[in-house]
Amino acid sequence: MHALLSAPDTPTGVRSGQAPEPVPQAGDVVIEVECFTLVARNLDHAATLPPGSIPGFDAVGVVRRAADDGTGPAPGTRVATLATGNAWAQLRAVPTHELAIVPQRVDPGQAGVLLVPGVSALRAIRRLGALTGRRLLVTGAAGAVGHFAVQLGRLAGAHVIAAVRDHGSRERLVALGADEVVTGLDQVSAPVHGVIDSVGGPALAQAFDLLAEDGLIQQVGASSGQPTTFVPYQLVGRRRAIEGFWAGDRFGPDLAYLLDLLADGRLAPLDGERAEWGDIDAIARRLRADDAPRRMVVTLRHDLSARPDADR
């Protein structure tokens with residue numbers, strides 16, 4: 001099958017090539033991949049993998065072969081999958097507990113763009129506990145995780161404060177459910193119960209001082225690329241905490257929940273520039289350009305009609 005393979009010795013970190021078709025375990029389905037999402041840091045990560053391996057986390061496609069143990073959907077069903085590795089290929093084997101059926105009303109590309117940031121936002125917000133009537137700060141709110149964290153925080157009953165670099169995204173964030181949009185954490189006027197932080201750097205230390213007692217920061221990223229420095233005793237004697245985010249596994253139920261929200265119009269989709277599978281160098285250059293999109297949805301062409309597996 002065709003695949004994008006890790007190639008640390010190339011400028012893009014990947015190359016087009018051939019790979020063996022996946023051999024599923026008893027609890028795996030095999031899907032024909034329709035699309036997956038690429039962001040620039042995905043290429044950076046791919047370059048750290050063993051040469052020839054297939055990178056990628058998210059993929060949307062149609063089941064070609066059902067799981068041998070009888071779990072999961074039947075052939076012909078469109079599913080969204082989230083697991084580590086083996087996503088950037090024509091075929092993917094994935095455990096049935098790492099997938100969800102894509103509702104008919106949901107565009108496959110929008111489903112794919114939802115998976116990684118949506119699950120990250122959902123699971124990070126859960127770690128904050130009950131949010132009804134409490135103040136939630138989302139840093140880097142204009143990004144992908146922020147896009148969903150603002151909405152999910154609002155659905156959880158929080159007063160959502162969206163922190164961004166400038167007011168260019170203000171109207172969009174208010175439409176998503178932000179009660180306040182600030183361009184600096186010094187504009188946050190009262191303590192917050194929880195923080196979803198994807199910026200890191202000095203903002204993380206500043207956000208810590210905004211926490212109410214027993215408050216918690218979930219750090220899901222560090223887009224600033226800067227270190228965080230705490231002054232002496234800043235962390236001492238305070239019942240508040242910073243927790244590094246861990247996504248976990250067994251994503252199926254959370255994927256289903258998010259996709260249902262998307263289908264019902266209760267969650268606004270996140271768009272990505274579309275590109276067809278082809279010249280990976282051209283796609284990589286587009287992602288590295290000064291006017292690059294934040295994400296690209298790479299689509300593959302298949303005959304995706306349901307067909308039984310002749311080998312079963």
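Among residues at least two apart or in separate chains, there is no side chain to side chain donor-acceptor pair (under 3.5 Å) pair with a member in residues 45-55. Sorted by first and then second residue, the pairs that involve residues 186-213 and meet side chain to side chain donor-acceptor pair (under 3.5 Å), not counting sequence neighbours, are R134-H193, T139-D197, T183-Q187, D209-Q234, D209-R238, E213-R240. Annotation: side chain to side chain donor-acceptor pair (under 3.5 Å) contacts involving residues 166-176, sequence neighbours excluded, comprise H147-R172. The list of salt bridge (charged side-chain N to carboxylate O under 4.0 Å, His left out) pairs with a residue in residues 137-150, not counting sequence neighbours, is empty.
Here CG of D260 is found 8.0 Å from CZ of R105. Values are rounded to the nearest 0.5 Å. Taking CZ from R41 and CG from L287, the interatomic distance works out to 11.0 Å, rounded to the nearest 0.5 Å. From C35, atom SG reaches atom CE of M296 across 13.0 Å, with rounding to the nearest 0.5 Å. To the nearest 0.5 angstrom, Q151 atom CD is 10.0 Å from I125 atom CD1.
With hydrophobic clusters built from ILVMFWY side chains whose heavy atoms lie under 4.5 angstrom apart, V102 does not share a cluster with V298. F57 and L258 fall within a single hydrophobic cluster, where Ile, Leu, Val, Met, Phe, Trp and Tyr side chains are chained together by heavy-atom contacts under 4.5 Å. Linking Ile, Leu, Val, Met, Phe, Trp and Tyr whenever their side-chain heavy atoms come within less than 4.5 Å leaves I101 and L255 in two separate clusters. Note: the hydrophobic cluster containing L99 does not contain Y257 (ILVMFWY, side chain heavy atoms under 4.5 Å, direct or indirect links). Both V63 and F36 are assigned to one and the same hydrophobic cluster, defined by single-linkage of ILVMFWY side chains at heavy-atom distances under 4.5 Å.
Between D28 and R65, no side-chain nitrogen of the basic residue sits less than 4.0 Å from a carboxylate oxygen of the acidic one, so the salt-bridge criterion is not met. For the pair R92 and E32, the salt-bridge criterion is not met [side-chain N within less than 4.0 Å of a carboxylate O]. By the 4.0 Å N-to-carboxylate-O rule, R154 lies close enough to D179 to be salt-bridged with it.
Side chains of F245 and R127 form no contact here, defined as non-hydrogen atoms less than 4.5 Å apart. Residues I283 and W277 form no side-chain contact, since every pair of their non-hydrogen atoms from C-beta on lies 4.5 Å or further apart. Contact annotation: the side chain of V79 approaches that of I31 to within less than 4.5 Å [non-hydrogen atoms, C-beta and beyond]. Between L91 and E21 there is a side-chain heavy-atom pair separated by less than 4.5 Å. Between V62 and T77 there is no side-chain heavy-atom pair separated by less than 4.5 Å. Side-chain atoms of L82 and E98, non-hydrogen and from C-beta on, never get closer than 4.5 Å to each other. Contact check for H159 versus L136: no side-chain heavy atoms found under the 4.5 Å cut-off. Contact check for L122 versus F148: no side-chain heavy atoms found under the 4.5 Å cut-off.
With sequence neighbours excluded, the residues satisfying salt bridge (charged side-chain N to carboxylate O under 4.0 Å, His left out) with R288 are D44. Here H2 pairs with nothing under the ring pair (Phe, Tyr, Trp, His ring centres under 6.0 Å) rule; sequence neighbours left out. For R250, there are no salt bridge (charged side-chain N to carboxylate O under 4.0 Å, His left out) partners at least two apart in sequence or on another chain. Residues satisfying the side-chain hydrogen bond (donor to acceptor under 3.5 Å, both in side chains) criterion with N86, sequence neighbours excluded, are absent altogether. With sequence neighbours excluded, no residue satisfies side-chain hydrogen bond (donor to acceptor under 3.5 Å, both in side chains) with Q226. Qualifying side-chain hydrogen bond (donor to acceptor under 3.5 Å, both in side chains) partners for R294, counting only residues two or more places apart in sequence or in other chains: none. The side-chain hydrogen bond (donor to acceptor under 3.5 Å, both in side chains) test applied to R295 returns no partner, not counting sequence neighbours.
The main-chain N or O of G221 is found under 3.5 Å from a side-chain atom of Q219 such that the two form a donor-acceptor pair. T81 places a side-chain N or O within donor-acceptor distance of the main-chain N or O of A59, the cut-off being under 3.5 Å. Side-chain N or O atoms of D254 include none that pairs as donor or acceptor with a backbone N or O of F251 at under 3.5 Å. Checking side-chain atoms of R64 against main-chain N and O of G76 turns up no donor-acceptor pair under 3.5 Å. A side-chain donor-acceptor contact under 3.5 Å links D69 to the backbone of T71.
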Practice problem: Go through the steps for R274 and D107 under the test salt bridge (Lys or Arg N to Asp or Glu O under 4.0 Å), then give the verdict. | Solution: CA-CA 12 Å; R274 307 293 177 107; D107 173 78; 2.8 Å; yes
Quiz item: For L261 and R266, what are the C-alpha separation, side-chain angles and deciding distance, and is it a side chain to side chain contact (heavy atoms under 4.5 Å, CB included)?
Solution: CA-CA 5 Å; L261 289 179; R266 299 176 64 199; 3.6 Å; yes
Quiz item: Please walk me through it: do L4 and I54 pass side chain to side chain contact (heavy atoms under 4.5 Å, CB included)?
Solution: CA-CA 6 Å; L4 296 184; I54 302 173; over 6 Å; no
Quiz item: Is there a side chain to side chain contact (heavy atoms under 4.5 Å, CB included) between R286 and D291 once you walk through the steps?
Solution: CA-CA 8 Å; R286 180 74 184 110; D291 62 342; 3.1 Å; yes
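Hydrophobic cluster membership of L137, counting Ile, Leu, Val, Met, Phe, Trp and Tyr whose side-chain heavy atoms lie under 4.5 Å apart directly or via other members: I161, V182, L185, V188, V192, V195, L204, F208, L210, L211, I217, F230, L235, I242.
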